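A short worksheet on the structure shown next.
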Amino acid sequence: KIPVQSRELWNKHKVRKFGTAEEFEEKFISHVEWTLARSLYNCDDLAAYQATSQSVRDNLVIDWNKTQQRQTARDGKKVYYLSLEFLMGRALDNALINMRTDTSSQDVGPTDETLTKGNTAREMIRNAMKDLGFKLEDVLEQEPDAALGNGGLGRLAACFVDSLATGNYPAWGYGLRYQYGIFAQKIIDGYQVETPDYWLNFSNPWEIERSEIQVPINFYGYVHRPESEKTTTSPSDWIGGERVLAMAHDMPIPGFKTPTVNNLRLWSAKPTTEFDFSKFNNGDYKNSVEQQQRAESITAVLYPNDNFDQGKELRLKQQYFWCAASLHDIVRRFKKNKRPWSEFPDAIAIQLNDTHPTLAIVELQRVLVDLEKLDWHKAWDIVTKTFAYTNHTVMQEALEKWPVGLLGHLLPRHLEIIYDINWFFLQSVEKKFPHDMDLLSRVSVIEEGSQERYVRMAFLAIIGSHKVNGVAELHSDLIKSTIFQDFVKVYGANKFTNVTNGITPRRWLKQANPKLAELISETINDPNDDYLLDMSKLTELAKYAEDEAFQKKWNDVKQFNKSRLADLIKRLNNGVDIIDRDHIRNTLFDIQVKRIHEYKRQQLNIFGVINRYLCMKEMLQSGSSIDEVAERYPRKVSIFGGKSAPGYYMAKLIIKLVNSVAEVVNNDAEICDLLKVFFIPDYNVSKAEIITPASDLSEHISTAGTEASGTSNMKFVMNGGLIIGTVDGANVEITREIGEDNIFLFGNLSENVEELRYNHQFQNTSLPEALVKVLNAVESGAFSPQNASEFRPLIDSIKHQGDYYLVSDDFDSYVATQDLVDQVYHKDKKEWLKKSILSVANVGFFSSDRCIEEYAETIWNAEPVKPE
Ligand code: 8GP
């Protein structure tokens, strides 16, 4: 504590944010000299990126400190968002956009007052950078993506922390600081090759290392119960076998137009300083050191599976390491206030992003019973009032289960607690539904298999939470009627709720699509971009949906963005331009970018492309002119992108097929560039920022009932792209919001999926004619002349293995709908632009700000802490 008489001195030398270009320049140069130990003579773009980031970070840290003080002083309910993945992407541009504040009382930093009208903080920095000899765009390009996630779930967490800060919620994210994020994807000879993503190579200016915050975490060992304590529900000692330290790294998360800067705390594993002296004395120095080094492997790498559970011991270790460290931190902060334990759930809400953090439930119970000596039932009451769980998938292969043996070996005390939680739960079920043994075994946390028993993490998460939510209406209904049906019976339907996903318009509109953002703010007369906080303002745009002059401006923005993407594709294609720039306005950009997964059906898309190509060739062979072909199959570029899990054979084969088709189609002079195919390697957040604004059409074509929500569908709509999609996930609500005239829906409905699958298995179903032709072409080696059977497994899965994802059932309606797309795009541009404008006008619902408000109101019972 600083003595009172010293405080005046502290205040006199109070640090200040930069507010003007000149102040920024001064900061920048001092960081070049002092932080980087460089100078005017050796400051390259990378150094400029680092010095800029450090300068911006200085501003953020001042607000970060004030925010934390404010939130502590007001002592409102705190929200903790536990997610194993935060797919943040780049931080600098986002910080520049979020930097401007409205309140002049903040006295420092760029504000509406210090910046001239319409001149954003980003513009100010751009100009300052120019004066310093740099181009902002080039400097921004230096930043590696923080790619600490696989796909939707991780990106959702990133959008959520942005909205939490923007909404002034006292909220922290907790995750892991992987040394290697999701692998970088290279395409070599058409195949995916994984290379490590060492994103921390040049040090990370966005993290604050908290070397003073180190939490010891134990694994293995055994449980010791004092003689007096007879049962497993009474306080027990866990004598840990292996110990590692969790060290905190903080990332400031700035809100938009608010001085609130929240915290994302990521843990990294470090060896303890406790040394194994017995080994050391035995002369086994090397082994002793090696064992310590192994600690670091816990946070070395992100598991690269999306919607798939691999069940590896190291993954379980990651999960416990992270849950234990985060809970320790949360409990420590709570204890400072000396409030009674019973008030814990009034002070704290913890959201579990999927089942990955389910051990936090068990850990809190352990802390309360074993360490704080609370009665079991009192403790359990606190636990269940604190946690809530979000489910992101209904797919069996993604639902986490841990072998009892493995879990008990790694965490012996936790396994006891899990058994007790289950025992009390089953007792309550038995009371409600006497003698229903089937029900008991169906809802038990322990799955009794013939060989191994497993802990079902989703069930544990439900039992330990007061609310369970799905991520789109259809999905939330589905979990109630399928995987969690029995729990609805046990708890009633009220425990289950829906919060439809959202995305942050700051990154996905303002940052990714500056031209569109500018056109919008100019059109709806909102020079300060308030619509980014209140997306209902976008409905103003509807007035102009058929206004020809406005449509032209709208279209110009799209063409600009398409050129930007064409440039990127050219660069990724070794400088070879496959897109005819003279015709770019009449070329439909058809995009599907997301993780490669059979349920997402990139195979349906590429089969559609092959069908189109075969039809074009057929027309030419039967004597049609190229103009006639162009009339029927107008210009189109089919763009794919996405990573496959390294061990997912079918997904990798789909990538190879796309590249093989591209090879043939792009080099077929006969079709005169009417059709092009490109696979964008290494799809990530920063590429998505270029790709998303450029789509005319994007594909969200999962088998009905398989995609929980999808969030890229929202991003594309927010950028004026139209959707071709199935009646699945959030597509349903997108249709409701933007109107069914403005979306191209096709395919079977989720209620028919079961029957269709049954038919494939037990009836002789025939394949549609067009699909047969496609499969025959693939089988003949038309796209793999060296190895005709290369794509056999893909074909077999449809022809002979029950077509689980119903590609054949949806093929004809997919192709017909694509024809309709061509019709509107090429024959009725005005209609197309109208649809595009109306989509953006009505996309407001999908802001993650709305989503966070719903969580706060219906699940967390948390209020914003507004800055004065
Ligand atoms: C995804 C869902 O597949 C997607 O529909 C949804 O929009 C998104 O979560 C956010 O709710 N699920 C995952 O990304 C996922 O299961 N990831 C695995 C790595 C855990």
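Note that the coordinates shown come from a computational prediction; the quantities given were computed from them, not determined experimentally. Note: hydrogens, waters and symmetry copies are ignored here, and every other heavy atom, side chains too, is used. Counting starts at 1 for both ligands and their atoms, following the listed order.
- Looking only at heavy atoms of the protein, atom 4 (C) of ligand 1 is closest to E707 OE1, 3.3 Å.
- Shown are K480, R442, R456; of these, the salt bridge (Lys or Arg N to Asp or Glu O under 4.0 Å) with D486 is made only by R442.
- Residue E740 qualifies as open at atom CD: its count of foreign heavy atoms under 6.0 Å is 12 or below.
- Residue contacts with ligand 1: N501 is placed with a nitrogen or oxygen under 3.5 Å of a nitrogen or oxygen of the ligand (distance criterion only).
- Residue contacts with ligand 1, taken as heavy atom pairs separated by less than 4.0 Å, involve Y599 solely via side-chain atoms from C-beta onward.
- What sits closest to atom 11 (O) of ligand 1 on the protein, heavy atoms only, is H392 ND1, 2.6 Å.
- In L153, the parts holding a heavy atom less than 4.0 Å from any atom of ligand 1 are both the side chain and the backbone.
- Ligand 1 does not have R155 within reach: every non-hydrogen atom of the residue lies 4.0 Å or more from it.
- Taking atom 20 (C) of ligand 1 as the reference point, the nearest protein heavy-atom neighbour is H356 CE1, 3.3 Å.
- Atom 18 (C) of ligand 1 has as its closest protein heavy atom N307 N, 3.3 Å.
- Between Y814 and F746, the distance separating the two ring centers is shorter than 6.0 angstrom.
- In this structure, Y174 has its ring center no closer than 6.0 Å to that of Y81.
- Given atom 6 (C) of ligand 1, the protein heavy atom at minimum distance is G710 N, 3.7 Å.
- Polar contact check, S709 against ligand 1: a nitrogen or oxygen pair lies under 3.5 Å apart.
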